[in-house]
Amino acid sequence: MAEALQARLEAERRVTADIAHELRTPLTGLTTAAELLPPGRMTDIVQDRVKALCALVEDVLEVARLDTATERPALTDVALGDFTTRRTAAFAPDAQVHVHTGTVVATDPRRLERILANLLANAVRHGRPPDHRGRGRPPHHRPRPRTRLPRPPAARRTDAFP
C-alpha cells in the first residue's frame, strides 16, 4: 500500500511538473503579445495578469523541482528585519510592519521573498487591520474572556485524599 501511494505521489509530481513546463511556451508568446499592445489601461491590466500567471507557473515549477530534489535551496545569511521591511515597502507600500531587528537567519532569499509576497498579497486581498478586541473577526476567532472551569466537589477530586 505504501509503495502504491508513493508511486501515485511521484506520478502526480511528474504531471504537475510537465503541465507547468508545457505552459511556459504559450506564456512566453502571451508575454510578447502583451508587450506589443498599444499603451493604455487595458494593456496594463493584461500585462499585469500575464505577469501573475507567469509567476504562478514559476512557483509550480519550483515546487516540482523541490519535490523531486533536482534543486537545492541556496542558503545565505539574511538580516530578517531589513529584508522584511524592504520587501514589504516594495510589495505593499501602505502596509505597516513591526520587526525585531538583529535577527539573522540562514535561508534562500528568493524563496523567502516569494513567501513574503504571497503573505502580503493575501493580507491585502483578504485581510483587515488587526483589532485586539476582536471586532472585524468572525465570532469563532474572537478572544473570549477567561473563566475558570468549575471544579468537582472535594469528595470527587483525586487530590482530596492523602
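Note that the numbering runs from 1 along the sequence shown for the chain. Just so it is clear, the structure is predicted and the values come from calculations on it, not from any experiment. Only this structure's heavy atoms are used, side chains among them; waters, hydrogens and symmetry mates stay out.
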Q. Are Leu30 and Val57 connected in a single hydrophobic cluster, I mean Ile/Leu/Val/Met/Phe/Trp/Tyr linked by side-chain heavy atoms less than 4.5 Å apart?
A. yes
Q: Give the cluster check for Ile45 versus Leu56: same hydrophobic cluster or not, with ILVMFWY residues linked at side-chain heavy-atom distances below 4.5 Å.
A: no
Q. Are the charged groups of Glu58 and Arg114 less than 4.0 angstrom apart, N to O?
A. no
Q. Can you name the closest pair of heavy atoms from Ala106 and Leu75 and give their distance?
A. O-CD2, 4.2 Å
Q) Looking at OG1 of Thr31 and CZ of Arg24, how far apart are the two atoms once the value is rounded to the nearest 0.5 Å? A) 11.5 Å
Q. Would you find a donor on one side and an acceptor on the other, under 3.5 Å apart, between the side chain of Thr43 and the backbone of Pro38?
A. yes
Q: Decide yes or no for Leu37 and Val46: does some side-chain heavy atom of the first lie under 4.5 Å from some side-chain heavy atom of the second?
A: yes
Q.
Could you report the tightest heavy-atom contact between Leu116 and Arg87, atom names first, then the distance?
A. CD2-CB, 3.5 Å
**Q.** Student check: side-chain heavy atoms of Leu80 and Val104 closer than 4.5 Å
**A.** no
Q.
If I take atom CG from residue Leu120 and atom OG1 from residue Thr84, how far apart are they, to the nearest 0.5 angstrom?
A. 9.0 Å
Q: Look at the side-chain heavy atoms of Ile, Leu, Val, Met, Phe, Trp and Tyr, link any pair under 4.5 Å apart, and say whether Phe83 and Val105 land in one connected group.
A: yes
